[in-house]
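Input: a single structure, listed below in structure tokens.
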Amino acid sequence: MLIEFDQAIVSTPQAEVLRGVSATLAERRVGIVGPNGAGKSTLARLVNGLVLPSSGSVRVGGLDTRQDLKAVRRQVGFVFQNPENQIVFPIVREDLAFGLKHLAPDRRQREDRIEAQLDSLGVGHLADRSSHTLSGGERQLVALAAVLVMEPALIVFDEPTAQLDLRNRNRVRDAIAGLPHDAIVVSHDLELLEDFDRVLVVRDGNIAADDNPAAALRWYREHCA
Ligand SMILES: Nc1ncnc2c1ncn2[C@@H]1O[C@H](COP(=O)(O)OP(=O)(O)OP(=O)(O)O)[C@@H](O)[C@H]1O
Ligand SMILES: [Mg+2]
């Protein structure tokens with residue numbers, strides 16, 4: 001799905017968080033790396049309109065996030081850096097069912113889809129668990145399942161492996177690799193991005209490097225370590 005940033009500036013009363021980003025992304029797997037506080041999450045949030053540009057524009061599949069916010073949201077799923085923000089229902093399967101209600105009106109079909117999605121991430125046994133009893137890593141996997149089950153055309157992941165042990169990290173890596181749709185992944189886990197199509201390095205509110213993963217990650221290691 002085509003994403004076009006045109007001189008996108010995001011400013012707060014305190015500071016300019018993004019300083020005029022221009023880029024056109026058409027690849028299936030795009031990675032974003034950069035130092036803490038550089039503006040990665042803000043850039044990721046521009047893609048589904050969670051953040052709107054203070055000036056400039058962001059278009060997703062030809063839709064302007066400012067003018068067509070609802071349509072953009074339907075096409076772009078977002079997996080948060082902090083999954084506490086994402087799981088809202090008291091029972092895990094209810095959380096997955098919520099968004100699916102209008103997509104899969106048949107209850108049996110919906111339940112099948114939810115169980116298949118949880119199973120594929122190795123958390124099928126958590127379907128009837130109370131959400132607030134989940135561990136950090138389990139929560140991250142459930143939040144991911146809740147987005148994947150909606151099958152959006154594009155999914156933005158903000159540090160999807162931050163709390164995961166090695167096995168679950170590999171599960172998430174495989175889930176991303178196997179996605180039929182496009183993905184943008186913000187990560188400090190550089191290995192995760194090695195086989196992506198393109199990697200952006202965000203530094204100090206700008207895209208400081210934009211290249212294939214090997215070249216972009218080399219630049220990041222040389223300039224930001
Ligand atoms: N709404 C806001 N109001 C004030 N400052 C903000 C706001 N949103 C972001 N910032 C600041 O903008 C900078 C970039 O934030 P952002 O979350 O995009 O960084 P990041 O690259 O994702 O960092 P990290 O690797 O730590 O997650 C930070 O200094 C942050 O404090
Ligand atoms: Mg961040």
Side-chain angles (χ1 to χ4, degrees), residues 3-23 25 27 29-60 65-66 69 72-73 76-87 136-137 139-144 146-147 152 154-165 168-169 172-173 175-176 182-194 196 198-211 213 216-225:
I3 301 163
E4 301 159 282
F5 299 100
D6 184 13
Q7 284 300 314
I9 293 177
V10 175
S11 44
T12 70
Q14 295 81 31
E16 209 162 73
V17 179
L18 290 177
R19 301 177 189 275
V21 169
S22 292
L25 310 178
E27 292 77 7
R29 300 285 179 263
V30 177
I32 300 177
V33 294
N36 290 133
K40 303 178 300 296
S41 293
T42 306
L43 184 63
R45 285 165 180 236
L46 281 175
V47 177
N48 80 334
L50 270 169
V51 170
L52 295 170
S54 317
S55 78
S57 68
V58 180
R59 297 175 75 81
V60 178
T65 58
R66 188 180 287 289
L69 185 59
V72 169
R73 288 276 171 85
V76 184
F78 197 98
V79 184
F80 284 87
Q81 179 165 6
N82 178 357
E84 315 291 322
N85 300 334
Q86 193 138 12
I87 301 174
R139 194 172 283 272
Q140 202 157 21
L141 292 168
V142 167
L144 174 56
V147 173
L154 164 70
I155 305 184
V156 182
F157 298 84
D158 196 354
E159 300 193 24
T161 60
Q163 303 187 51
L164 301 182
D165 65 24
N168 285 330
R169 175 200 171 278
V172 169
R173 185 198 54 198
I176 294 173
D182 295 347
I184 295 181
V185 181
V186 177
S187 188
H188 292 294
D189 175 357
L190 304 187
E191 221 179 88
L192 186 71
L193 309 179
E194 275 172 0
F196 274 38
R198 178 171 174 183
V199 172
L200 312 178
V201 184
V202 174
R203 185 174 68 169
D204 197 19
N206 288 301
I207 295 177
D210 175 358
D211 216 321
L217 295 174
R218 191 180 327 117
W219 193 95
Y220 178 53
R221 289 189 175 100
E222 281 170 9
H223 292 84
C224 302

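In what follows, residues are counted from 1 in the order of the sequence shown. Atoms within a ligand are numbered from 1 in the order they appear, just like the ligands themselves.
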message: Would Ser187 and Glu159 count as a side-chain hydrogen bond (donor to acceptor under 3.5 Å, both in side chains) here? Give the steps.
response: CA-CA 5 Å; Ser187 188; Glu159 300 193 24; over 6 Å; no

task: I would like to know whether Asp210 and Arg198 meet salt bridge (charged side-chain N to carboxylate O under 4.0 Å, His left out); could you show each step before the answer?
output: CA-CA 7 Å; Asp210 175 358; Arg198 178 171 174 183; 2.8 Å; yes

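Two residues are said to be in side-chain contact when any heavy atoms from C-beta on lie closer than 4.5 Å; Val172 and Phe157 fail this criterion.
For ligand 1, the protein residues placed under 4.0 Å by at least one non-hydrogen atom are Thr12, Gln14, Val17, Pro35, Asn36, Gly37, Ala38, Gly39, Lys40, Ser41, Thr42, Gln81, Glu159, His188.
Without hydrogens or angle criteria, Gln86 side chain to Phe80 main chain gives a donor-acceptor distance under 3.5 Å. In this structure, Arg29 contributes its side chain and Ile176 its backbone to a donor-acceptor pair below 3.5 Å.
The Mg ion (ligand 2) has no N, O or S atom of Thr42 inside 2.8 Å of it. The Mg ion (ligand 2) lies under 2.8 Å from an N, O or S atom belonging to Gln81.
Between Arg173 and Glu194 there is no salt bridge, since no side-chain N of the basic residue sits under 4.0 Å from a carboxylate O of the acidic one. Salt-bridge formation is detected for the pair Arg19/Asp204: a Lys NZ or Arg NE/NH1/NH2 atom is positioned less than 4.0 Å from an Asp or Glu carboxylate oxygen.
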